[in-house]
Amino acid sequence: MADSPESDRTAWATTGLGILGALAMTSCCILPLVLVSFGVTGVFIAQLGALYEYKWITFTLSAAFIGYGFWKAYRPIPAVACADGSCARPMNRTLMRAILWIATAIVAVAVLFPYVSPYFLTF
């Protein structure tokens with residue numbers, strides 16, 4: 001199975017969806033806290049707490065997109081696929097991997113935040 005420009009686009013699209021999923025994970029818990037700490041106020045911040053009920057749905061989607069992105073970023077490219085010179089300009093896997101690791105860290109923080117926040121907020 002050769003890597004083509006279409007495959008590169010799917011890999012980057014999956015990475016982008018993983019980032020969007022990670023940001024969606026922060027919308028219920030971390031984002032309101034960050035917005036209030038920057039002085040942003042309003043009724044909509046209280047409404048973001050209603051998204052907490054969808055946390056596991058967004059986590060599942062984020063994990064699926066990030067997992068597929070990791071598969072695309074870390075799977076080896078077969079030498080036969082590059083024999084015709086189609087791999088002359090490979091995608092930047094290092095950047096893709098860094099973005100995926102950042103998205104994974106954001107998702108992990110968003111999942112653990114409700115459980116560890118009482119310990120941090122009591123100081």
Side-chain angles (χ1 to χ4, degrees):
M1 182 172 179
D3 278 348
S4 64
E6 181 64 32
S7 178
D8 291 350
R9 279 190 287 255
T10 13
W12 280 107
T14 305
T15 303
L17 288 172
I19 287 290
L20 288 177
L23 294 176
M25 285 289 300
T26 66
S27 63
C28 70
C29 311
I30 300 172
L31 184 64
L33 184 64
V34 170
L35 289 174
V36 167
S37 66
F38 282 127
V40 178
T41 59
V43 176
F44 74 94
I45 291 178
Q47 300 299 323
L48 289 176
L51 297 174
Y52 184 75
E53 126 183 26
Y54 302 109
K55 177 176 118 174
W56 294 109
I57 295 171
T58 57
F59 170 72
T60 304
L61 290 174
S62 299
F65 288 134
I66 290 172
Y68 184 68
F70 272 121
W71 181 75
K72 293 292 273 184
Y74 279 98
R75 72 184 171 117
I77 298 174
V80 235
C82 298
D84 63 351
S86 63
C87 297
R89 189 175 156 235
M91 64 181 162
N92 190 350
R93 286 182 162 202
T94 306
L95 177 63
M96 184 183 297
R97 290 173 182 167
I99 290 171
L100 286 168
W101 280 110
I102 290 169
T104 303
I106 291 171
V107 169
V109 167
V111 167
L112 295 176
F113 185 77
Y115 304 108
V116 297
S117 64
Y119 299 110
F120 292 123
L121 297 178
T122 57
F123 290 115

Closest non-hydrogen contact found for Met96 with Thr15 is CG-OG1, 3.2 Å
In terms of heavy-atom contacts, Tyr119 and Tyr115 come closest through CE1-O, 3.7 Å
Please answer whether the main-chain N or O of Gly21 pairs with a side-chain N or O of Ser62 as donor and acceptor at a distance below 3.5 Å.
-> yes
Heavy-atom nearest pair, Ile99 first then Trp12, reads CD1-CZ3, 3.9 Å
Do Leu95 and Ile66 sit in one hydrophobic cluster, given that two such residues count as connected whenever their side-chain heavy atoms are within less than 4.5 Å of each other, even indirectly? yes
When every non-hydrogen atom of Phe70 is compared with those of Thr104, the smallest separation belongs to CE1-OG1, 3.2 Å
In one Ile/Leu/Val/Met/Phe/Trp/Tyr side-chain cluster, 4.5 Å: Trp101, Leu23 | yes
Shortest non-hydrogen pair, Ala103 vs Ala22, comes out as O-CB, 3.7 Å
Hphob cluster co-occupancy, Trp56 + Ile106, side-chain heavy atoms under 4.5 angstrom: no
CH2 of Trp71 to OG1 of Thr14, rounded to nearest 0.5 Å, is 10.0 Å
Answer yes or no: are there more than 12 heavy-atom neighbours, outside Tyr74 itself, under 6.0 Å from its atom OH?
yes
For Lys72 and Arg93, the nearest pair of non-hydrogen atoms, with its separation, is O-NH2, 3.4 Å
